[in-house]
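Presented below is the structure to which this report refers.
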Amino acid sequence: MNLRQRLLLAFSLTVIVAVGAVGYIVSLRTREAFAQADQERTSGLVAQFHREFDRRGAEVKTRLERMAASDEVSRIAFDLGRGGDSSNYLSEAATLAQQYGLDFLELLGPDGTIISSAQWQARFGYKEAIPESSSAAFLKKEELSDGNAVGLFAVKTLRAGETTLYLVGGERLDREFLQSLATPAGTQLLLYRVGESGFQPQDLTGLDATVVAPEKYRPLLMLAMHDRKEVSAIVAPTTDRKDSLYMTAIPLSDRAGQVVSVLMIGSPRRGLIELQDHIRAVALTVGGLGILLAVAVSLWITGRVTRPIVELADASRKVAAGELNVTVSPHGASGEVAELAEAFNRMTSQLLENRERLVQSERVAAWRELARRLAHELKNPLFPLQLTVENMVKAREVMPEEFDEIFRESATTLMAEIQNLKGIIQRFSDFSKMPQPQLQAVKVNEIVERVATLHAPALTNREHPVKMEMQLDSTVPVIAADPELLHRALSNLVLNALDAMPQGGTITMRTLAREDTVRIEVADTGTGLTKEECERLFTPYYTTKQHGTGLGLAIVQSVITDHGGTIGVESTPGQGATFIMELPRRTAASGTTA
């Protein structure tokens, strides 16, 4: 990911996070404000319900008191007190209820026997629990011929001599009661009459004639009746989420503590949802504009800042590849970017100068090292040459009669040392003009076997024999290589292994086919190498032997490098060394990977 893309991503994420956070906070505050308004509205309706409840209860109580003071009720009480027949008053409760505007009315005797019932005349003679007199109205579930009803009841006790008569009257708690409440627009007000056989949709009453999708309210109703406390939840009567309501269910209990009805107050969520949708739309619009602005800003910044930085990066890669004559133009950039470009140009200029000086220094150092090595190598044979010539001159002067014999011996010594000088000069000459590989199809395993066969006599004809082990991978493919140079490199490694095992041991030659390369290993069980020796082992003229030019492993590395491969060594002092060569799997015809 380049700088332009990172800037665009950073700006876009900043805009998205900022707009999202603001939108979330505004939406949260709005939801809290609506929730508080809903709670206040619900509390107001509940308080209004209780006020209306108390008002109507007091009104029922007043009507019963007026009824108890009327001549009709006084006459009934006086007659019953003298032992009159109660069946004469079977329909009297219905007349009184209609006269005093009550939905329910029952006349009970001193033992709770129903003398007259306005709501169900057939209950004449049944007994009910003697009601307790109370100054406040109460809720009560009333059995009717066609079901149950919930009413707001009051009790009035009337005494006539030794006889007590109870007047139990009340009004229905129904739609008319709900409509008497001042309900805000859009607020849903429902009243559920608790039955005996679970939830019944027809028992749910609202301000309108019908309640839409009454089953949607069932879970909240069941929870309120079960917990017997106020509960709230979101109810969606339709598939349109804007029609959802924040519904609060308030259980209403009778004097025995049994829930006989549930008042449900629903606040509309349409305004909240529409406002949230508007906030979301505004946030998306602002976010989109912010992203467009981020794109524009990132393009401007990349034009002013990143283009020179990209050019600096490209120039740095060229410098890393060895191309030092690279300069960077600031392109109108200012400030730190321009200073960076100027510093880069100064750096490349200094690198060029330093490279020239380094090349000159390396050349001088190379010639000095070569002269030192050559002087060291030539010094050893020149000293016996000098002694031999001096002996010949001295013999000529002192012992002329023995000169011929001394001359023949000295000539032999001179020829041997001259051959030694030729060998030294030839080794330096070979290293200086290493031939380029002549690639052809080569079977690696065959070359390894040929090297092992060549050195087999030398392994056994030693004071301490060396064992040769072969671990060749049969899947090694044919590769492009110079067989003679590869043979020469492997032979050099075998000879090094022999020198490292004066007390005998084992040389292991193994091959392995890898994904992109062919691996050749030459391992010995000799004295091993230290870490410092491993690091310097392939340096020209470096040797760990008492007699050697230090060019053998340098030649091996040159051969492997010219083949496009690599060579390394793994060793631990006292545990032998393993030389590892990796050659690319190429074909001789195309130069492509095999």
Can you tell me if OH on Y246 sees more than 12 non-hydrogen neighbours from other groups inside 6.0 Å? no
The side chain to side chain contact (heavy atoms under 4.5 Å, CB included) partner of N445 among V476, V478, I520, V518 is V476
Between SG of C534 and CG of L529, what distance do you get to the nearest 0.5 Å? 4.5 Å
Any chance you could measure I567, atom CD1, to M581, atom CE, to the nearest 0.5 Å? 5.5 Å
Could you tell me the separation between the CD atom of E274 and the CZ atom of R269, rounded to the nearest 0.5 Å? 12.0 Å
Between the side chains of R241 and D277, is the shortest nitrogen-to-carboxylate-oxygen separation below 4.0 Å, so that they form an ion pair? yes
OG1/T566 to CD/Q557 distance, rounded to the nearest 0.5 angstrom? 10.0 Å
Who passes side-chain contact (heavy atoms from CB on, under 4.5 Å) against V26, sequence neighbours left out? V22, T30, I279
Please find the pair of heavy atoms, one from P237 and one from K216, that lie closest to each other, and give the distance. CA-CG, 3.9 Å
Return yes if some donor-acceptor pair links the side-chain N/O of S349 with the main-chain N/O of N345 below 3.5 Å, else return no. no
Tell me whether the count of non-hydrogen atoms from other residues, nucleotides or ligands lying under 6.0 Å of CD in Q36 goes above 12. no
Looking only at heavy atoms, the pair that brings I447 and P483 closest together is CD1-CA, 3.9 Å
Main chain of P584, side chain of D516: is a donor-acceptor contact present, judged purely on distance under 3.5 Å? no
I'd like to check M501 versus I507 (side-chain heavy atoms, cut-off strictly below 4.5 Å). Are they in contact? yes
Audit row: L459, K467, side-chain contact (heavy atoms from CB on, under 4.5 Å) steps and yes/no: CA-CA 7 Å; L459 300 179; K467 181 182 177 182; over 6 Å; no
Say whether, by atom type as modelled, one donor and one acceptor occur between the side chain of D473 and the main chain of A513 under 3.5 angstrom. yes
T561 (side chain) donor-acceptor with S558 (main chain) under 3.5 angstrom: no
Given T511, I580, L583, the one that forms side chain to side chain contact (heavy atoms under 4.5 Å, CB included) with R519: I580
Using modelled atom types only, decide if a donor and an acceptor are shared between the side chain of T525 and the backbone of T506 within a distance under 3.5 Å. yes
Can a donor-acceptor pair be found, under 3.5 Å and without considering hydrogens, that links the side chain of T517 to the backbone of R514? no
CG-NE2 distance between L486 and H563, expressed to the nearest 0.5 angstrom: 6.0 Å
Would you check, one step at a time, whether the test side-chain contact (heavy atoms from CB on, under 4.5 Å) holds for M509 with V494? CA-CA 9 Å; M509 299 183 72; V494 171; 4.1 Å; yes
Do L553 and F579 come within less than 4.5 Å of each other through their side chains, counting heavy atoms only? yes
Verify side-chain contact (heavy atoms from CB on, under 4.5 Å) between L472 and V444, making sure each step is shown before the conclusion. CA-CA 9 Å; L472 305 182; V444 175; over 6 Å; no
K242 backbone acceptor or donor facing D240 side chain under 3.5 Å: yes
Closest non-hydrogen contact found for S244 with I273 is OG-CD1, 3.7 Å
The reported gap from CD in E521 to CG in L493 (rounded to nearest 0.5 angstrom) is 12.0 Å
Check L272 against F34 and note the closest heavy-atom contact, atom names and distance. N-CE2, 3.4 Å
Is it the case that the side chain of H455 and the backbone of L495 share a donor-acceptor pair, with hydrogens and angles ignored and the cut-off at 3.5 Å? no
So, D524 side chain and G576 main chain: donor-acceptor pair closer than 3.5 Å or not? no
Could you walk me through whether N492 and R488 pass the side-chain contact (heavy atoms from CB on, under 4.5 Å) check? CA-CA 6 Å; N492 203 324; R488 180 178 175 183; 5.9 Å; no
Looking only at heavy atoms, which two atoms of G504 and V466 are closest? And how far apart? CA-CG2, 4.1 Å
Only residue of L220, L221, T248 satisfying side chain to side chain contact (heavy atoms under 4.5 Å, CB included) with V231 is L220
